[in-house]
There are 2 protein chains.
Amino acid sequence: MTDGRQPTLEEVARLAGVGRGTASRVVNGSEHVSPHTREAVEHAVRELGYVPNQAARSLKTRRTDTVSLVIAEDEERVFAEPFFAGLVRGISRAVDATSRRLVLSMVPDESHLERLGQFLTPQHVDGVMVVSLHDALSLPQGAGLPIVYVGRPRDPLACFVDVDNRGGARRAVDHIVERGRRTIACITGPQDMASGRDRLDGYRDALEAAGLPYDEDLVEPGDFSDASGVSGAAALLERRPDLDAVFAANDVMALGALRELSRQGLDVPGDVALVGFDGSAAAAASTPALTTVRQPLGDLGATAVDLLARRIEHPDDERTSVILPAELQLGESS
Amino acid sequence: MTDGRQPTLEEVARLAGVGRGTASRVVNGSEHVSPHTREAVEHAVRELGYVPNQAARSLKTRRTDTVSLVIAEDEERVFAEPFFAGLVRGISRAVDATSRRLVLSMVPDESHLERLGQFLTPQHVDGVMVVSLHDALSLPQGAGLPIVYVGRPRDPLACFVDVDNRGGARRAVDHIVERGRRTIACITGPQDMASGRDRLDGYRDALEAAGLPYDEDLVEPGDFSDASGVSGAAALLERRPDLDAVFAANDVMALGALRELSRQGLDVPGDVALVGFDGSAAAAASTPALTTVRQPLGDLGATAVDLLARRIEHPDDERTSVILPAELQLGESS
DNA sequence: TTGTATGCGTTATCAA
DNA sequence: TTGATAACGCATACAA
């Protein structure tokens, strides 16, 4: 059947009895071709099992039909945390729906940066999506490559898509206030992440709107880990045994806090109302009781891909960023 | 600094005062070039920030310097199960250490097969690693593309790397026998996976070697899920309340069985010895008490990459497959 | 609507 | 050891 080598457009054209150019036009879906010759070429394509040579195409068009997803994180975390899993899934699906390919790069540390810099050039990819949650790591300038950040980046002018962390946190705490709570504690996320900062800001917004004072004794720094949820809850109870609600900046910490609260004999949400942030982690741990702020990870991915496609096709348009709403998802006993 | 377009080899050559050919030789590390001109070219490369154009290179050399990892599984599972996470990590690291790039494709169902078939051609990749644990899904023939399976494939002639499931299971049950147990039950894996079948075979091997009878009442079919571990343990205890050991074909089921055994008031390993298979899942659940057969996921990935590299560079060599040993990892109370 | 010719950036062949 | 030159397979401007 196949004689070893891949068929070329030349051979397709010859079999169809047309010129190379015409065959190319058919393959690329050009309008200016008669139905009859189109049919002939399409037949030849099927006959030979022709697949366009991407290298040759790229060389000519200066497009690669490839986009890159760079995650500034260790593979371990990427696979362990539901946030990344959901995000990669959403982006993967969205790219699949286009004619482009996706290549995924994880950058655990600086040592991988040089290789990546070589790859992040217009010769290799048409655009880049960057997930860099921590402030620390900065990617090599993509040499004029269209770039979309997932999660709010340091550069305020950059194009990005993010979840409304601040608004989501605000709504979470609003909800607690509506339930009549007045002594509302917070276990924060790491302050070197925008998501950590924004969620704390949302907490403050809600307090201010409710006319409640911001009390430092009610705020305990966390780092999104289970352990910091446990110790955070313990520290808060130590300082303020009178607290009647806790807002944890993510679900992992919320679940940790939940265990500690229970251990101390407190009923949730009877004695202490508890709200987390994420959705996916709560689902993974199947704790339907937890009220949480749900991040639309699928939309996040789809929007990132869409934004990037726009910037690739119209590089000179003004850069619009998108902030997706984060909905409150009530637990069973709320 | 950069004037928009990427520098070409032509420009490097001009700046270095040599011909294109010579510049190419330097970039590709050819021997036949004087130290002096090499220095000059290398300087020019740095000066201009030259990066070889992969498309042009591929077009000429008919190599892509890219290998593909195809996982015949849903993204959800790939990210959820520690087995895949560990495997992808191992392969990713191993490929990183080479000059090749890795592109990852997940194939949840047949509908993605056509796109994949277009991609799995010599024009796009130099070779393919396939993880297809279930017997069902079959990939399009890679058209003479070097291919290495991770996990034993149906085709006995194919090149593959696998963990010694049979031997590992054998050692697990040997261990139980050595501890003096005689009524050893088994919760199997799905029988449409080689790993499920092989581990059951290993169980039988050990029984036979110990002169113990194979008793169908002591064998309960499972599907690697937590639920089947729970129900499997329940069913076994119902039929054979006298059992004194359980070998579960993976850790997820072992943990499920552990819960059920405890629920029924049985002490593990006092009343019932319990051994699982996997390692990574046990670590994730942090149940150090569980004895388990550990799969060397890092080695598995590294070996797959190595095997594939060999087949790419020497396509005519005989195809060697590798079976990696699976070590028994004793729990704390064994 | 169609065929022909050119060049994308690179490596490999051949002379020098 | 080096420089010139010819493909690699394709898209496209131009001619017909």
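Note: hydrogens, waters and symmetry copies are ignored here, and every other heavy atom, side chains too, is used.
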Problem set entry | Interatomic distance where CD belongs to A:Glu10 and P belongs to D:dA7 [whole Å] | 14 Å

For this session: Look at the side chain of A:Leu9 and decide which nucleotide, out of C:dG9, C:dT11, D:dA11, has an atom nearest to it.
Result: D:dA11

Exercise. Salt bridge check: are A:Glu42 and A:Arg25 linked by an N-O gap of less than 4.0 Å?
Worked result: no

Exercise. Can you check whether B:Thr37 has a side-chain N or O nearer than 4.0 Å to OP1 or OP2 of D:dT1?
Worked result: no

For this session: Establish, with yes or no, whether the OP1 or OP2 oxygen of C:dT11 is under 4.0 angstrom from a side-chain nitrogen or oxygen of B:Thr61.
Result: no

Exercise. Taking the side chain of B:Asn53 as heavy atoms from C-beta outward, which of D:dG3, C:dG9, C:dT1 is closest to it?
Worked result: C:dG9

For this session: Using atom types as modelled and distance alone, determine if a side-chain donor or acceptor of B:Asp162 lies under 3.5 Å from a backbone N or O of B:Arg152.
Result: yes

For this session: Classify the nucleic acid contact of A:Val27 as base, sugar-phosphate or nothing, counting any heavy atom under 4.0 Å across all strands shown.
Result: nothing

For this session: Please tell me if the side chains of A:Ser68 and A:Phe119 come closer than 4.5 Å, counting only heavy atoms from C-beta onward.
Result: yes

Problem set entry | Atom-pair distance (CD on B:Glu11; C1' on C:dC8), nearest Å | 13 Å

For this session: Classify the nucleic acid contact of A:Ser24 as base, sugar-phosphate or nothing, counting any heavy atom under 4.0 Å across all strands shown.
Result: base

Problem set entry | Atom-to-atom span, CD of B:Gln54 to P of C:dT10 - whole angstrom | 11 Å

Seminar exercise, completed: Per nearest nucleotide of DNA chain D, the residue lying toward the 5' end, B:Leu59 or B:Gly17, is B:Gly17

Exercise. Does a distance-only test, which skips hydrogens and angles, find a donor-acceptor pair under 3.5 Å between the side chain of B:Arg62 and the base of D:dG9?
Worked result: no

Exercise. Whole-Å distance between C:dC8 P and B:Arg57 CZ?
Worked result: 19 Å

Exercise. Within the structure shown, what part of the strands sits under 4.0 Å from B:Ser58 by heavy-atom distance: base, sugar-phosphate, or nothing?
Worked result: nothing

Exercise. Between C:dT2 atom P and A:Glu31 atom CD, what is the distance in whole Å?
Worked result: 13 Å

For this session: Grab the NE2-P distance between A:His32 and C:dG3 for me, whole Å please.
Result: 16 Å

Exercise. Between atom CZ in B:Arg25 and atom C1' in D:dT5, what is the gap in whole Å?
Worked result: 13 Å

Seminar exercise, completed: Paired with A:Val26, the side-chain contact (heavy atoms from CB on, under 4.5 Å) test is passed by just one of A:Leu9, A:Val41, A:Val12, namely A:Val41

Exercise. Counting only side-chain N and O atoms of A:Thr8, is one of them less than 4.0 Å from OP1 or OP2 of D:dG9?
Worked result: no

Exercise. Choosing from C:dG9, D:dC10, D:dG3, which nucleotide comes nearest the side chain of A:Arg20?
Worked result: D:dC10

Exercise. Checking only heavy atoms, does the side chain of B:Lys60 share a donor-acceptor pair with the base of C:dA12 at less than 3.5 Å?
Worked result: no

Problem set entry | Modelled atom types, side-chain donor and acceptor of B:Arg62 and B:Gln123, under 3.5 Å | no

Exercise. Starting at CZ of A:Arg63 and ending at P of D:dA11, how long is that distance when rounded to a whole Å?
Worked result: 9 Å

